[in-house]
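Read through the structure below, which is laid out as structure tokens, and then see the notes.
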Amino acid sequence: MDPDRFTQLDATTWQIPQQGNMRVPGILYADRQLISDMDAKVWEQLTNVAALPGIVQAAYAMPDAHWGYGFPIGGVAAFDPDQGGVVSAGGVGFDISCGVRTLTTGLSVDELQPHRETLADFLLYRIPAGVGSTGRIRLKDAEMTAMLEGGADWAVRQGYGRREDLERIEEHGRMAGAVPEAVSERARKRQRDEMGTLGSGNHYLEVQAVSEIYDPEAATAFGLQPDAVVVSIHCGSRGLGHQIGTEFLREMALSAQQYHIRLPDRELACAPLNSPLGERYLGAMRAGINCALANRQILTHLTRDVFAHVLPEADLQLIYDVSHNTCKEETHTVGGEKRRLFVHRKGATRALGPGHPDLPEAFLDSGQPVLIGGSMGTASYVLAGMATSEGRSFASACHGAGRAMSRHQATKRWRGEDLIDELAGRGIIIRSHSYRGVAEEAPGAYKDVSAVVEAAEQAGLARKVARLRPLICIKG
DNA sequence: ATGTGC
């Protein structure tokens with residue numbers, strides 16, 4: 001899209017001034033090139049979000065923004081419940097609490113090298129992945145309820161992972177305020193045998209090497225050294241989150257009129273935060289967050305099992321787990337005043353700056369680790385939250401490279417088999433259950449993750465700490 | 001994202 005549709009405030013801050021039915025301005029953080037490559041739908045969707053009741057300060061889009069359902073992916077919007085603020089299922093996204101966690105292994109690239117193929121084979125064998133993948137765990141009704149309430153804390157109690165992992169997860173691994181009764185029978189049924197599964201699409205488990213350090217002090221706090229091997233897991237709440245999203249989206253669209261909400265786009269279906277429907281969605285969504293946290297915790301356990309078998313000297317320690325599809329009640333400073341707001345982050349990561357009380361002690365000086373997943377075969381980044389992000393985006397940053405091309409377009413342009421060969425030639429092992437899935441995730445179908453990260457840093461959202469290059473990638 | 005869907 002043409003960057004000149006925006007009012008440019010500085011090199012990486014672009015504004016859509018408040019106009020028409022907008023209640024606040026729209027703000028996009030990106031550079032000129034990223035905006036030129038961006039879908040014009042981002043402009044339209046940001047304008048629509050800015051028109052929703054009770055929105056505070058501005059509707060924001062991160063540098064990896066692209067066209068999503070209703071809200072842009074890479075969007076941040078905060079609402080005040082006392083000013084008619086709303087919660088929107090489309091503003092959270094279908095894959096509730098989709099996110100990334102990264103673990104150190106204590107291994108160097110040289111130590112891993114001779115075992116790479118074996119490790120890849122075992123990971124593919126042990127990590128359930130792909131469309132409709134199921135695991136060995138079957139949850140009975142009471143266990144499902146306990147999982148939806150307890151999240152990763154429940155998983156640890158079941159023997160998946162270690163208690164110290166929990167301090168390295170947002171909300172200490174358990175999202176408070178979950179209401180399992182608000183989750184439908186159908187959603188629970190879909191999830192019954194999907195715990196500890198990776199899923200498909202852009203989800204992955206990747207073994208990576210630290211290829212560059214930008215901020216040695218923060219890197220040390222995160223446990224990252226040059227040439228260290230780490231593991232990143234990217235996945236979400238599987239069938240359960242999707243079912244919750246589908247059901248509430250429909251219900252919110254049907255009840256908009258009853259709540260006197262004029263929707264600029266039907267896809268922005270929402271309900272007042274202070275309404276039975278809004279509260280019920282929040283309860284179900286928080287249960288969905290717990291499902292995703294438990295899922296990543298179980299996958300961590302399976303990964304540790306594989307390493308124990310192939311490389312017993314490894315010790316997998318969790319750096320941090322971040323969600324990038326959520327709506328959370330948080331305190332933010334708006335115009336010098338502290339307010340309780342409900343912050344939607346859809347394809348956007350929380351990025352708390354140094355000293356924030358919700359941070360684990362180890363990160364008080366550095367700020368929160370912000371994990372940026374690259375596309376298959378390209379680099380990932382570890383960033384750290386900056387103090388400036390609070391005023392710029394309610395303490396949020398980008399979440400990944402962001403698609404530049406549709407899945408359909410990508411399958412016409414690339415073949416999975418060719419991509420796997422090409423990446424193998426560059427020392428990257430891809431193991432997947434679907435060639436088509438690999439083609440859809442072709443590196444060329446994504447934006448340049450380095451440009452996204454540079455723009456985020458320049459905009460004061462998060463600063464670079466380290467770059468990770470892929471060694472092994474397990475895909476759905 | 002998703003028991004991928006016109």
Side-chain angles (χ1 to χ4, degrees), chain A residues 41 45 64-75 88-101 128-135 137-139 144 183-205 233-250 267 269 284-285 287-289 291-293 295-296 299 322-327 344-349 373 375-376 399-412 416 432-442 445-446 474-476:
Chain A
K41 277 275 182 186
Q45 294 194 320
D64 52 342
H66 56 110
W67 178 16
Y69 187 91
F71 283 58
I73 295 162
S88 164
V92 170
F94 281 90
D95 190 4
I96 294 168
S97 198
C98 179
V100 183
R101 62 165 58 184
V131 178
S133 50
T134 56
I137 301 165
R138 301 278 176 277
L139 291 190
M144 175 70 69
V183 177
S184 72
E185 234 5 86
R186 196 166 170 193
R188 295 162 75 103
K189 195 175 170 193
R190 277 182 74 170
Q191 194 59 31
R192 221 160 36 187
D193 48 9
E194 286 192 346
M195 294 310 295
T197 66
L198 202 53
S200 63
N202 64 0
H203 291 166
Y204 59 77
L205 185 150
I233 299 170
H234 176 211
C235 66
S237 50
R238 307 285 288 109
L240 181 126
H242 190 265
Q243 190 63 33
I244 293 171
T246 306
E247 289 170 8
F248 278 93
L249 213 64
R250 189 181 305 133
E267 292 187 358
M285 182 213 53
I289 290 180
C291 176
L293 298 180
N295 192 31
R296 289 196 285 274
L299 285 163
V322 293
S323 296
H324 49 232
N325 279 358
T326 57
C327 175
H344 294 67
R345 294 189 184 89
K346 180 186 187 181
T349 307
S375 50
M376 180 184 67
H399 83 307
R403 289 202 81 89
M405 190 186 289
S406 73
R407 293 186 175 278
H408 183 70
Q409 270 179 294
T411 53
K412 285 199 290 188
S432 175
H433 298 270
S434 157
Y435 283 132
R436 178 170 156 189
V438 170
E440 289 180 353
E441 292 296 314
Y446 279 82
I474 308 296
K475 299 242 13 132

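- Nucleotide B:dT4 holds its C1' atom 13 Å from the CZ atom of A:Arg403, rounded to whole Å.
- Backbone-only engagement by A:Gly239 is indicated by non-hydrogen atom pairs under 4.0 Å involving sugar-phosphate atoms exclusively.
- Following rounding to the nearest Å, A:Phe94 (CZ) and B:dG5 (C1') show an atom-to-atom distance of 14 Å.
- For the pair A:Glu194 CD and B:dT2 P, the computed distance is 8 Å after rounding to whole Å.
- Among the atoms of the strands shown, base atoms are found under 4.0 Å from some heavy atom of A:Arg186.
- The interatomic distance linking A:Glu441 (CD) with B:dT2 (P) rounds to 11 Å, in whole Å.
- The residue A:Gln191 sits apart from the nucleic acid: no heavy atom pair falls under 4.0 Å.
- Of the side-chain N and O atoms in A:Arg238, one or more sit less than 4.0 angstrom from OP1 or OP2 of B:dT2.
- Between A:Glu441 and A:Arg403 there is a salt bridge, since at least one side-chain N of the basic residue sits less than 4.0 Å from a carboxylate O of the acidic one.
- Contact between the side-chain N/O atoms of A:Ser200 and the OP1/OP2 oxygens of B:dT4 is not found at any separation under 4.0 Å.
- Under the side chain to side chain donor-acceptor pair (under 3.5 Å) criterion, A:Ser97 pairs with A:Ser323, sequence neighbours left out.
- When the C1' atom of B:dT2 is taken as reference, atom CZ of A:Arg436 falls 13 Å away, rounded to whole Å.
- B:dC6 atom P lies 12 Å from atom NE2 of A:His408, rounded to whole Å.
- Remark: A:His66 pairs with no residue by the side chain to side chain donor-acceptor pair (under 3.5 Å) rule, at least two apart or across chains.
- A straight line from CD1 of A:Ile73 to P of B:dT2 spans 13 Å, rounded to a whole angstrom.
- Taken from CZ in A:Arg138 to CE in A:Met195, the straight-line distance is 12.5 Å, to the nearest 0.5 Å.
- Atoms CG (A:Leu198) and P (B:dT2) sit 9 Å apart, rounded to a whole Å.
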